[in-house]
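Let me begin by presenting the structure, written as structure tokens, before commenting on it.
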Amino acid sequence: MAKARPRSERSSHRRRILLLVVSLLSAVLLLPAATASAAVAVAAEGDGENRSRGAATQWATGKDEGELAAEREAAGGGSVVEDDFAGGFGSLDSMLQWAIGNSDPGRLKEEAADVQKLSEDELLKRRHEIKDLMEKLKMPSDADLMKIAIADLNNASISLEDRQRALQELLILVEPIDNANDLDKIGGLVPVIQDLNNANEEIRITSAWILGTASQNNALVQSQILGYGALARLVKMGYSTSAKEAAKAMYAISALIRNNVNGQEAFTSENGNAMLQHILGSNSVDVRLQKKAVFLITDLADFQLNSGSSGLPFLSERVFLKLVTDMLSTFDLDLQEKVLLAIRSLLKLPSTDAMDLESCGLDSVLYRLGVQLEELPSEEQKEYAGEVDALRREVEMLFQQKLKPGTATAALQMLG
């Protein structure tokens, strides 16, 4: 996983576990290959595995190691972490293979001969020693780690630093869809949504990030978050003067209402269109946030087009089309490309009147954009500009095709 995990000052239990890993490696290095194979057999004899995904080998919690061990025992035992522990070994077998592969072959050969002289009791004793080491390597499952983080969020006396750590742990843990589906079940959605109102900006940002990650292409979690009314707060965060906070709110909103009719209706009810207009029309808004807003507009228009839904009338309102059209005058190739994609999708909507776009000056804006694209000095820019210009010409053609029937109808009405 690309995201770096925060270091916890209270994870002395993890350091001790890593020391045990070193001890296990040392034990394997001192054993011959036959005994190392026996170690793998011991692992296979253990209880059913509950593997922890997502490199969740570190967590923020006020609980000590004894409490965690007791909770794992009460829940029926722990699990040996096989993903990304002890420096990135994919499994216990790979760890043992690494240990053997990095040993002196001559030494292993000598000890392989020595092991044959050991009695069955001595071999059994070594086997138990390795099993004991592996028992000490038991770690919590993803569900255990999520519960620990949620317990911290529900702890009113926890510091802001530890609250942020707990949220960052959840951010990583909810990436797998199964974990995201369990988040509300184990009481995690409510405290995360409550932290959207936290006085600390970083806490609010991470909370929005979690909601966006958990609801990504996940209808169940989308429905749960919408049911708790979180969308209203996210829309308000979209007005934030902090570009980082507004961008994360936009990310969460986009994930929450994507391909979701109920979410899009709620977005309209919460005046989400006014938030989008604010972002598009403000000169002080970060251009990266404007790009996210334009991307959301394209996404909503495409969904409405593909689903036949007509629940977002604001997309075809003249004031809204004017703001989108004016964005083409901002000289940023990436933004202009995204705006052209949005206009192309909006033009395809049956509810969009091409004459409204004509009154917004789309034809003249497209012409000026074409001139700008021809005057770009850099060869690298010219290549990209050529792609943008091809899209511009496509939009212009679509606009003219849609405009002609409308113009003819208007002329007939005047004659009548």
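The residues of the chain are indexed from 1 along the displayed sequence. No hydrogens, no waters, no symmetry mates; every other heavy atom, side chains included, goes into these values.
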- Item | N/O donor-acceptor pair under 3.5 Å between Gln290 side chain and Ile279 backbone | yes
- Donor-acceptor pair, side chain of Gln336 and main chain of Thr330, under 3.5 angstrom: yes
- Query: Charged N to carboxylate O below 4.0 Å: is that the case for Lys125 and Asp121?
  - Reply: no
- Item | Note, Ile297 side chain near Leu346 side chain (heavy atom, < 4.5 Å) | yes
- Task: Could you tell me which non-hydrogen atom of Asp152 sits nearest to which non-hydrogen atom of Ala166, and how far apart they are?
- Result: CB-CB, 4.0 Å
- Task: State, without any angle test, whether Asp144 and Ser141 hold a side-chain donor-acceptor pair at a distance under 3.5 Å.
- Result: yes
- Message: Side chains of Lys322 and Asp326, heavy atoms from C-beta outward: is any pair under 4.5 Å?
- Response: yes
- Query: Between Asn306 (side chain) and Asp302 (backbone), is there a donor-acceptor pair under 3.5 Å?
  - Reply: yes
- Would you please say whether a donor-acceptor pair under 3.5 Å links the side chains of Ser242 and Ser240? no
- Going by the ring-ring contact (aromatic ring centres under 6.0 Å, His included) test, which pairs reach into residues 265-308, not counting sequence neighbours? Tyr239-His278
- Is any side-chain N of the basic residue among Arg163 and Asp195 closer than 4.0 Å to the acidic one's carboxylate O? yes
- Message: Between Lys244 and Glu202, does any NZ, NE, NH1 or NH2 come within less than 4.0 Å of an OD or OE carboxylate oxygen?
- Response: yes
